[in-house]
Undergrad: 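One structure, as structure tokens, below. Some questions next.
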Amino acid sequence: MFCGHLFLMFTIICVAAPTGFGAELSSVEKIKERGVLLWGSDAEGGAPYGFPDPKNPSQLIGFEVEIVEAIAKKLGVQARLVQTAWESLIPALERGDYDMAMNGIEILPEREQHVLFSRPYYAYTLQLMVRKDDQGIRSIRDLAGKRVGTLAGAVAHEMLQKIGGVEIRSYSAAWPYEDLALGRLDAVFLDTPIAAYYGKPDPRLKYAGPPEGQGFYGIAIRKSDGDLKRVIDGVLDELLRTGELKRIYEKWQLWDDAQTKLLPTATMDAGQQFRIDNQAASLGSFFPLLLKGAAMTVGLSVVSMSLAIAIGMLLAIVRYYNPPVLGAVATAYVEVYRGTPLLIQLFILYYGLPNVGITLSPLVAAILGLGMNYAAYEAEVYRAGIEAVPHGQLEAAVSLGMTRSLTFQNIILPQALRISLPAVTNDFIALFKDSSIVSVIAMVELTKTYAILAATTLRYFELGLVVAILYFGMSYPLSLIARRIERRLRAGQTRALPIST
């Protein structure tokens, strides 16, 4: 009996071994089993890397797309894009969101500490661009004291930091060239492929001198996926050997003399002399930049909230008196601003208004965007406060011969403001945190400063904790003030209650 049970257990173990106790599949085997190669990229980066086809927006095209398709074909699977913000590509790769990341990612030692890189697939240079009539800027050495647009975390950003005295503004690919043409920037310094597609076609702009700096793009792969790296390297070697890679680059007008450095003798050190080794820097060295960003956040929030209170009060008064036309306009304002995303409103103010001849600076656009958006909410807060005042007080004032405007000014409004104060304080705390959204229009406040530093150093966790503490330290006192105001109001209401006899 015992032998029979032992034989049965042995049989079960042998049958289960291939699936339950077998060796874990390699990364290449997992991809083939899945039938899909997942690759991370940021389509917002635009041409010529990977972007929606203007003739068929549902289809992605670009020179990197063609390389990815060649890799997928070698593996016998389909390729599928996983949209990820450029500065988050490597952290998301490490997290396991996709198999590889490819989006003009420069091969740098600080990144190699986190991921593997394929052999180089493109030798990039960096191109400085200025307005057509600019005669004073001929190279990056002329940029001290100038406003320069670039991409956060890229080698170009690090080169500008090394110069010193440059007012760096971070963007995604296409936006800085329009700002340069409008006079919001003095120059743009980005990878030559981006400049060729977004800057060079603009007749208002020109190249400032020859390309500067040099380095290599590589495909990022998790450190545990060495077998996938070998497959990718083999595909890239084959594309280069057969001339297919040259054909792809010529199609996108990217082939130049620099691409001859993709041959096996190419070294990985070219262009890296400009980088700043932030990875080894102490956390305290980032505090001045973070505190500067925090100061911008506080100033922006205070001014924006002041504007919101002023506009909100005006809207509430108009809706209280409700004149035929103005009352409808005030109601429409509140509904439109509460019913549309703040992000869209900011884009319209900053990027849309120049189309009708109105150009706003990032700071002005940020203040107007936040202030006008929150004004709609403040208007509702004040209207609720006005309606909370007992109607009998209005009747009593009228019986004493007071006009409606005098009653509103001296009786209704003071009480409404007192009732609304806790909600206004809470709204200010919300606006304080929402101020991080303005980073999309080149405002470098606390959140954007964090994004830039984290993208450069890959120290997302440590810097994130510092930024979270800064936000908490600035918003928590406001929460205490709001609670104290609410307690005082409740105590005042309790004392004001009539005594029954």
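Quick note: numbers below take in every heavy atom, side chains included, and nothing from hydrogens, waters or symmetry partners. What you see is a predicted model, and the numbers here were worked out from it, not measured in a lab.
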Undergrad: Check residues 353-372 and write down every donor-acceptor pair under 3.5 Å in which the side-chain atom is one partner and the other belongs to a residue at least two apart or another chain.
TA:
from: Ser361; atom 1: OG; to: Val364; atom 2: N; distance (Å): 3.2

Undergrad: For residues 465-478, please give each side-chain donor-acceptor pair under 3.5 Å, one per line with the distance, not counting sequence neighbours.
TA:
from: Tyr471; atom 1: OH; to: Thr447; atom 2: OG1; distance (Å): 2.7
from: Ser475; atom 1: OG; to: Tyr471; atom 2: O; distance (Å): 2.9

Undergrad: When you look at Leu37 and Met100, which way does the side chain to side chain contact (heavy atoms under 4.5 Å, CB included) test go after all the steps?
TA: CA-CA 8 Å; Leu37 171 66; Met100 52 177 260; 4.0 Å; yes
Undergrad: For the residue pair Tyr197 and Trp252, does the interplanar ring angle fall in the parallel (under 30°), tilted (30 to 60°) or perpendicular (over 60°) class?
TA: tilted
Undergrad: Is Asp202 close to Tyr177 at the side-chain level, that is, under 4.5 Å between some pair of heavy atoms?
TA: no
Undergrad: Should Ile411 and Met402 count as side-chain neighbours, where that means a heavy-atom distance under 4.5 Å?
TA: yes
Undergrad: Kindly check if the number of other-residue, nucleotide or ligand heavy atoms within 6.0 Å of CD (Gln253) is above 12?
TA: no
Undergrad: Side chain to side chain contact (heavy atoms under 4.5 Å, CB included) for Val148 and Asp186? Distances and angles first, verdict last.
TA: CA-CA 6 Å; Val148 184; Asp186 300 307; 5.7 Å; no
Undergrad: What's the spacing between Ile61 CD1 and Lys251 NZ if we round to 0.5 Å?
TA: 7.5 Å
Undergrad: If you take all heavy atoms of Tyr98 and Ala92, which pair is closest and at what distance?
TA: OH-CB, 3.2 Å
Undergrad: Among residues at least two apart in sequence or on other chains, which ones pass ring-ring contact (aromatic ring centres under 6.0 Å, His included) with Tyr321?
TA: Phe408
Undergrad: Nearest heavy-atom pair of Arg147 and Arg184: which atoms, and what distance?
TA: NH1-O, 3.1 Å
Undergrad: Knowing that exactly one of Tyr377, Tyr382, Tyr374 qualifies, which makes a side chain to side chain contact (heavy atoms under 4.5 Å, CB included) with Val424?
TA: Tyr382
Undergrad: How close do Arg204 and Ala181 get, heavy atom to heavy atom, and via which atoms?
TA: CZ-CB, 3.3 Å
Undergrad: A cation-pi test, strictly: NZ or CZ of Arg338 under 6.0 Å from the centre of the six-membered ring of Tyr333 and no more than 45 degrees from its axis. Yes or no?
TA: no
Undergrad: Can you confirm whether more than 12 heavy atoms, excluding those of Met296, are under 6.0 Å from its CE atom?
TA: no
Undergrad: How far does CG of Leu342 sit from CD1 of Ile437, to the nearest 0.5 angstrom?
TA: 4.5 Å
Undergrad: Any salt bridge between Arg169 and Glu167, counting N to O under 4.0 Å?
TA: yes
Undergrad: List the steps and the verdict of side chain to side chain contact (heavy atoms under 4.5 Å, CB included) for Val115 and Glu94.
TA: CA-CA 8 Å; Val115 295; Glu94 293 181 290; 4.1 Å; yes
Undergrad: Kindly compute the distance separating CG (Leu346) from CE (Met443), expressed to the nearest 0.5 Å.
TA: 10.5 Å
Undergrad: What heavy-atom pair brings Ser420 and Val381 nearest, and what distance separates the two atoms?
TA: OG-O, 3.4 Å
Undergrad: Can you tell me how far CE of Met305 sits from CD1 of Ile429, rounded to the nearest 0.5 angstrom?
TA: 10.0 Å
Undergrad: Is any side-chain heavy atom of Val334 closer than 4.5 Å to one of Arg319?
TA: yes
Undergrad: Is the closest basic N to carboxylate O distance between Glu387 and Arg383 below 4.0 Å?
TA: yes
Undergrad: Counting only heavy atoms not in Lys206 (residues, nucleotides, ligands), do more than 12 fall under 6.0 Å from its NZ?
TA: yes
Undergrad: Roughly how far, to the nearest 0.5 Å, is the CD1 atom of Ile219 from the CG atom of Asn103?
TA: 11.5 Å
Undergrad: In Å, rounded to the nearest 0.5 Å, how long is the span from CD of Glu380 to CG of Asp427?
TA: 11.5 Å
Undergrad: Looking at residues at least two apart in the chain, or sitting in another chain, which of them share a side-chain contact (heavy atoms from CB on, under 4.5 Å) with Asn410?
TA: Leu406
Undergrad: So, using side-chain hydrogen bond (donor to acceptor under 3.5 Å, both in side chains) as the criterion, who are the partners of Asp142 when residues are at least two apart?
TA: none
Undergrad: Give the intermediate values and the outcome of side chain to side chain contact (heavy atoms under 4.5 Å, CB included) for residues Gln127 and Glu212.
TA: CA-CA 6 Å; Gln127 183 62 56; Glu212 304 193 44; over 6 Å; no
Undergrad: Is a salt bridge present between Glu445 and Lys448, judged by a nitrogen-to-oxygen distance below 4.0 Å?
TA: no
Undergrad: Less than 4.5 Å apart, any side-chain heavy atom of Tyr171 and any of Thr150?
TA: no
Undergrad: Do you know the tightest heavy-atom contact between Ile163 and Ile140?
TA: CD1-O, 3.1 Å
Undergrad: Using the test ring-ring contact (aromatic ring centres under 6.0 Å, His included), find all partners of Tyr122 that sit at least two apart in sequence or belong to another chain.
TA: Phe63, Tyr217, Tyr249
Undergrad: Could you tell me which non-hydrogen atom of Leu143 sits nearest to which non-hydrogen atom of Leu128, and how far apart they are?
TA: CD1-CD1, 3.9 Å
Undergrad: Given side chains that start at C-beta, do those of Tyr121 and Glu64 come closer than 4.5 Å, heavy atoms only?
TA: yes
Undergrad: Could you check whether atom CZ of Arg80 has more than 12 heavy atoms from other residues, nucleotides or ligands sitting under 6.0 Å from it?
TA: no
